[in-house]
Every structure is written in structure tokens, then in C-alpha cells.
Amino acid sequence: MKHDNLKRTVYHEAGHAVMDVLLGLPFVKVSIEMKQKEGYQVEQGRAQRMTYYYTDGVVWNAAHTDAVN
């Protein structure tokens, strides 16, 4: 992954963590580990194979997740 994309990801996930702190929402960790998943995207009626990159981001404990859902 290019340095600029990694830097953008770090700032993005840090923003989630800051907001959770300000809102008093407990979290377990913040992950910036990049993962990838293969999938498809449909454009103009044609499916194109795509690689999606993502992180786990802010990880909450199970009790918090159950309370939100």
C-alpha cells in the first residue's frame, strides 16, 4: 500500500477513536492492519472483479456491540 494511503487510513481510524473517546464510548483497540477481500462491482450492467481493502477500525467489546444492536 502506498504511503499516502496508509497515512490517510491512520488519520481516518484515529478520528473514529477520538470521537469514541469524546462520546464516552469504550473500545478495545484501533486497528490499521490492512486486509483485502475479492469481490465484484457492477457497472453498466457488467460485473467487474475488484479487490477491496479495509481495516477493522475501532474494535468494541461484545457488550457494547450488543447494546448498540
Side-chain angles (χ1 to χ4, degrees):
M1 170 175 274
K2 291 176 72 174
H3 178 70
D4 289 343
N5 287 340
L6 180 58
K7 186 176 177 179
R8 185 178 308 127
T9 299
V10 170
Y11 278 106
H12 177 93
E13 298 306 340
H16 286 293
V18 168
M19 290 307 300
D20 280 8
V21 168
L22 292 174
L23 293 170
L25 301 172
F27 58 92
V28 176
K29 69 177 182 173
V30 178
S31 170
I32 60 167
E33 179 185 349
M34 297 303 294
K35 299 178 181 182
Q36 71 181 46
K37 180 171 105 174
E38 301 298 322
Y40 292 91
Q41 178 175 328
V42 177
E43 289 184 12
Q44 297 177 344
R46 302 179 94 171
Q48 296 179 354
R49 190 162 182 75
M50 300 288 291
T51 301
Y52 296 93
Y53 296 93
Y54 65 98
T55 69
D56 288 334
V58 175
V59 179
W60 296 324
N61 63 31
H64 177 74
T65 304
D66 292 342
V68 172
N69 291 325

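In what follows, residues are counted from 1 in the order of the sequence shown. All values below were derived from every heavy atom in this structure, side-chain atoms included, with hydrogens, water molecules and symmetry-related copies excluded.
Listed by chain and number, the hydrophobic cluster partners of Met50 are Tyr52, where partners are ILVMFWY side chains within reach of under 4.5 Å, directly or through others.
For residues 12-21, the set of pairs meeting the salt bridge (charged side-chain N to carboxylate O under 4.0 Å, His left out) definition, not counting sequence neighbours, is empty. Applying the salt bridge (charged side-chain N to carboxylate O under 4.0 Å, His left out) definition to pairs two or more places apart or across chains, those involving residues 29-43 are Lys35-Asp56.
There is no path of hydrophobic side-chain contacts, each under 4.5 Å, that joins Ile32 to Val28.
Side-chain contact between Val59 and Val30 is absent, with no heavy-atom pair separated by less than 4.5 Å. At least one side-chain heavy atom of Val21 sits under 4.5 Å from a side-chain heavy atom of Phe27.
For the atom pair NE2 (His12) and OG1 (Thr55), the distance works out to 7.0 Å, reported to the nearest 0.5 Å.
The shortest non-hydrogen separation linking Tyr40 to Ala47 is CD2-CB, 4.3 Å.
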